Amino acid sequence: MKLWSQFFIPTLKESPSDAEIASHKLLIRAGLVRKLGGGLYTYLPLGLRVMQKLTQLCREELDRAGGIELWMPHVHPAELWEQGPRWAAAREIMFRADSAGDGKRGPKDPEFVLGPTHEEVITPLVRAEITSYRDLPKNFYQIATKFRNEIRPRYGLMRAREFVMMDAYSFDANDEASIKSYFAMKTAYEKFFARVGVTAIAVEADTGVMGGSFSHEFMVPAEVGDDDVIYCEASGYAANREKATSGLVPKDLADAAPVGATEKFPTPGVVTIAALEAAPYNVAADHQFKTLVYVGDGKPFLVILRGNDELEEAKLGALGFGLFRPATPEEIEPVMGAKPGSLGAVKGTIKDPAALAGVFADHAIRLIGNGVTGANTDGFHFRNVNVARDLAITKFGDFRRVRPGEPCPKSGQPLQSRRGIEVGHIFKLGTKYSEKFAAVYMDDQKQNHPMVMGCYGIGISRTLQAVIEQSHDNDGIIWPWNAAPFQVLICVLDPQLPEAMDLARKLAAAAESAGAEVLVDDRAERPGVKFKDADLIGIPLRLTIGGKGLKEGVIELKWRAQKDIAKVPVAEAEARVAAAVREAAAKA
RNA sequence: CGGGGUGUAGCUUAGCCUGGUAGAGCGCCUGGUUUGGGACCAGGAGGUCGCGAGUUCGAAUCUCGCCGCCCCGACCA
């Protein structure tokens with residue numbers, strides 16, 4: 001039992017001006033956190049208790065799934081990252097942690113970095129310690145602080161520079177075993193989020209800079225989320241928009257018959273899809289080829305899309321470049337022979353085709369028959385362009401952004417879209433890291449093989465905020481039972497009455513022996529203040545002991561999530577409270 | 001990093017356009033009256049107006065630079 005007067009819950013009537021979304025405002029108003037700087041937060045006692053709840057639930061589910069907890073350093077030698085496969089991409093978000101201000105290794109090369117995640121630490125450890133198939137599989141995890149110098153911290157704990165994350169790493173002897181580990185983790189995640197009391201759905205996801213073969217994200221549906229989830233209720237298909245595909249292009253699509261030879265025609269001043277759609281050209285966007293130039297690891301490459309499609313940049317990750325970005329106009333002209341707006345990939349028209357790392361085309365361009373594309377001469381386009389006959393394509397792939405309403409790749413029904421907060425991510429990594437760090441094991445035939453890895457993350461502090469975002473009303477937070485900092489709040493309206501505080505202690509003891517944690521509001525405040533604060537901090541079960549009720553011989557029992565108040569005779573109160581606690585705990 | 005905004009007491013803010021002694025509400029302290037949904041009265045403490053230059057007799061207010069924070073984009077748990 002905690003007495004409010006001896007605890008620290010600094011509630012606020014008004015929201016600080018820098019909070020935009022409900023959960024961020026409530027985090028601060030309910031006294032859970034305070035900001036130190038952009039993306040940096042102190043966890044006040046109440047917030048810390050929630051964090052500890054989530055941490056413990058996570059630990060229990062991972063242990064049950066065979067996870068082995070350890071603790072890794074947060075200061076990493078930068079050299080370790082240089083040896084890893086993603087230094088170029090990762091260093092942009094890493095804080096440097098040099099021992100001297102200027103660093104030993106020159107102004108550009110940090111000596112130490114703060115860990116944003118731990119593949120680069122766990123893999124060398126496993127390499128050194130695990131060498132036999134007899135010691136596999138293993139799944140190590142930690143729940144610890146992570147540091148990422150986010151370009152734009154946002155929404156309180158939602159995207160912070162320092163945050164708490166569970167990160168796990170599985171090591172298996174082969175692909176089949178690794179997939180088993182992967183799905184065991186998926187199940188553990190589902191149990192974790194269910195126990196927390198938050199709705200998080202698994203969706204197919206892009207692997208991003210992490211690399212690997214496949215991946216799921218766990219999304220809490222919320223308007224304020226950073227990600228778009230594309231889904232189909234009929235088939236159950238759900239994917240991050242970055243990864244989502246649609247059934248737009250039939251598998252057996254036959255190329256349209258060419259109506260004639262390609263023909264160059266003048267288009268002075270026309271450099272946009274829209275301008276070609278307009279008179280006098282009147283070429284529908286879906287009959288145009290859109291030619292984009294990117295630079296991957298220093299070498300330009302082309303991406304060809306339908307004119308009415310958008311590039312889904314994340315999908316370029318499948319091409320295998322370490323870093324890629326849009327090319328600048330200055331980079332484009334020497335290679336292509338024209339400025340952006342007149343570009344195309346018709347055979348023989350590219351000025352310096354040898355400079356290109358490839359021409360990558362979205363499948364959907366196969367829907368275009370006799371289309372229009374730039375001629376790589378400023379002010380000219382080609383018409384009657386056909387994919388198979390006229391374009392030099394290195395490779396087809398899925399590069400376009402899916403739009404809601406397109407057919408689901410499984411059911412053919414229209415796809416839908418909604419926003420989500422990413423609270424967890426699981427990756428089947430493969431051997432990308434184990435090969436790089438030589439984490440190999442010997443099999444029973446004395447053969448060495450790289451271990452097959454998976455890696456897994458849950459944003460614990462982000463989940464905390466996602467719970468609030470998903471579970472609140474105008475008055476405050478509504479904590480699910482298992483995430484609540486306390487499960488029972490006893491409001492003593494007249495704490496100066498000895499019999500009131502005596503009863504509060506008895507009820508607290510009853511609730512505690514039934515398994516709840518109890519906060520007693522014994523402050524010398526007016527009832528209105530106590531009720532407002534009670535609603536704000538959102539403890540699931542509220543008991544009210546007031547002078548009036550005591551005269552009638554009753555206390556009140558109210559669930560935060562419900563409106564109605566039950567009056568309970570004092571004589572039955574202890575038993576009723578204990579029963580309510582047991583019932584709620586059983587349901588949670 | 002690009003675009004937009006903003007910075008006045010612990011919190012929310014007025015004042016800035018049109019330069020002239022810095023105001024309010026909440027919170028805090030003292031006393032009193034209150035006591036079942038953020039009470040009332042009286043008194044009080046609390047400000048280098050983000051920092052630095054400049055213009056001016058005089059700058060919270062005008063100009064320039066810097067910094068912090070917030071929002072939109074790229075990145076992520």
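Only this structure's heavy atoms are used, side chains among them; waters, hydrogens and symmetry mates stay out. What you are looking at is a predicted structure, and each value in this text was computed from that prediction instead of being measured. Lettering follows sequence order; numbering is per chain, from 1.
Of the candidates B/rG25, B/rC69, B/rC76, the closest approach to any side-chain atom of A/Asp18 belongs to B/rC69. Side-chain proximity of A/Pro16 to B/rG36, B/rC75, B/rC11: nearest is B/rC11. Nearest nucleotide to the A/Arg152 side chain, out of B/rC69, B/rA77, B/rA74: B/rA74. Considering only the side chain of A/Thr544, B/rG36 comes nearest among B/rG36, B/rU12, B/rC76. Looking at the side chain of A/Lys13, the nearest of the listed nucleotides B/rC75, B/rG27, B/rA77 is B/rG27.
Comparing the C1' positions of B/rG19 and B/rA59 gives an interatomic distance of 6 Å, to the nearest angstrom. B/rA39 and B/rG4: their P atoms are spaced 44 Å apart (whole Å). Distance noted for atom C1' between B/rC49 and B/rA60: 5 Å (whole Å). Separation of the C1' atoms belonging to B/rA45 and B/rG27 is 13 Å when rounded to the nearest angstrom. Atom P of B/rC28 sits at a distance of 15 Å from the matching atom of B/rC11, rounded to the whole Å. Annotation: B/rA22 and B/rG47 have their P atoms spaced 13 Å apart (nearest Å). Nucleotides B/rU55 and B/rU21, compared at atom P, are 22 Å apart to the nearest Å. With both ends at atom P, the span from B/rC72 to B/rA9 equals 26 Å, rounded to whole Å.
Looking at heavy-atom distances under 4.0 Å, A/Asp167 makes no contact with the nucleic acid at all. Residue contacts shown for A/Gly38 are limited to sugar-phosphate atoms, with no base heavy atom under 4.0 Å away. Nucleic acid contact class of A/Lys35 (heavy atoms, under 4.0 Å, all strands): sugar-phosphate only. Residue contacts for A/Asn149: at a heavy-atom cut-off of 4.0 Å it reaches no nucleic acid atom on any strand shown. Within the 4.0 angstrom heavy-atom criterion, only backbone atoms of the sugar-phosphate kind lie near A/Val423; the bases stay farther away. Across all strands, A/Ile151 comes closer than 4.0 Å to base atoms (heavy-atom distances). The residue A/Glu217 sits apart from the nucleic acid: no heavy atom pair falls under 4.0 Å. Note on A/Thr463: nothing from the nucleic acid sits closer than 4.0 angstrom, heavy atoms only. Among the heavy atoms of the strands, none lies under 4.0 Å from A/Ala19. Using a 4.0 Å heavy-atom distance criterion, A/Arg325 is classed as making no nucleic acid contact. Nucleic acid contact class of A/Arg542 (heavy atoms, under 4.0 Å, all strands): base.
Counting heavy atoms from C-beta on, the side chains of A/Ile555 and A/Val570 come closer than 4.5 Å.
In this structure, A/Tyr189 atom OH and B/rA77 atom C1' are separated by 9 Å, rounded to whole Å. Rounded to an integer number of Å, the gap from OH of A/Tyr155 to P of B/rC75 is 16 Å. A/Met166 places its CE atom 16 Å from the C1' atom of B/rC76, with the value rounded to the nearest Å. Whole-Å rounding puts the A/Glu422 CD to B/rA77 P distance at 5 Å. For A/Leu12 and B/rC28, the CG to P distance is 11 Å, given to the nearest whole Å. The distance between atom CD of A/Gln496 and atom C1' of B/rG36, rounded to the nearest whole Å, is 13 Å. One interatomic measurement links the two molecules: CZ of A/Arg29 to P of B/rC26, which rounds to 16 Å at whole-angstrom precision. In this entry the distance linking NZ of A/Lys530 with C1' of B/rG36 reads 11 Å, nearest Å.
Shown here, B/rC76 forms no base pair; nothing in the strands shown gives a Watson-Crick or G-U wobble contact with both key distances under 3.5 Å. Base pairing annotation: B/rG68 forms a Watson-Crick or G-U wobble pair with B/rU6, both donor-acceptor distances under 3.5 Å. Across the strands present, B/rU61 finds no partner; the criterion is a Watson-Crick or G-U wobble pair with both atom distances under 3.5 angstrom. Pairing for B/rG23 goes to B/rU13, judged as Watson-Crick or G-U wobble with the two contacts each under 3.5 Å. The nucleotide B/rU48 finds no pairing partner, because no Watson-Crick or G-U wobble arrangement with both distances shorter than 3.5 Å includes it. For B/rG37, there is no paired nucleotide, since no Watson-Crick or G-U wobble pair has both relevant distances below 3.5 Å. Pair assignment for B/rA42: B/rU30, on the basis of Watson-Crick or G-U wobble contacts that are both within less than 3.5 Å.
Side-chain atoms of A/Glu525 stay outside donor-acceptor range of the base of B/rG38, with no qualifying N/O pair under 3.5 Å.
When each of A/Gly457 and A/Val554 is assigned the nucleotide of RNA chain B with its nearest heavy atom, A/Val554 is the one assigned upstream, toward the 5' end. With the nearest nucleotide of RNA chain B identified for both A/His24 and A/Asp494, A/Asp494 has the one nearer the 5' end.
Using a cut-off of 4.0 Å between Lys/Arg side-chain N and Asp/Glu carboxylate O, A/Glu119 and A/Lys432 are scored as not salt-bridged.
Relative orientation of the A/His74 and A/Phe147 rings is perpendicular, given thresholds of 30° and 60° on the angle between their planes.
Between B/rG38 and A/Arg526, no contact under 4.0 Å exists linking OP1 or OP2 to a side-chain N or O. For A/Arg154 and B/rC76, the shortest distance from a side-chain N or O to OP1 or OP2 is not below 4.0 Å. In terms of phosphate contacts, A/Ser15 brings no side-chain nitrogen or oxygen within less than 4.0 Å of OP1 or OP2 of B/rC11.
A cation-pi contact links A/Arg49 to A/Phe486, judged by a cut-off of 6.0 Å to the six-membered ring centre and 45° from its axis.
With centroids closer than 5.5 Å and planes inclined by less than 30 degrees as the test, A/Phe531 and the base of B/rG38 fail to qualify as a stacked pair.
Note: A/Phe360 and A/Tyr294 fail the aromatic proximity criterion, with ring centroids not under 6.0 Å apart. You'll find the ring centres of A/Tyr141 and A/Tyr456 outside the 6.0 Å limit.
Of the residues listed (A/Glu204, A/Glu217, A/Glu312, A/Glu310), the one engaging A/Arg241 in a salt bridge (charged side-chain N to carboxylate O under 4.0 Å, His left out) is A/Glu312, and it is the only one. A side-chain contact (heavy atoms from CB on, under 4.5 Å) with A/Phe192 holds for exactly one of A/Glu61, A/Met166, A/Arg64; it is A/Glu61.
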Exercise. For the pair A/Arg59 and A/Gln56, evaluate side-chain hydrogen bond (donor to acceptor under 3.5 Å, both in side chains) and give the outcome as yes or no after the intermediate values.
Key: CA-CA 5 Å; A/Arg59 180 174 285 127; A/Gln56 186 55 29; 3.1 Å; yes
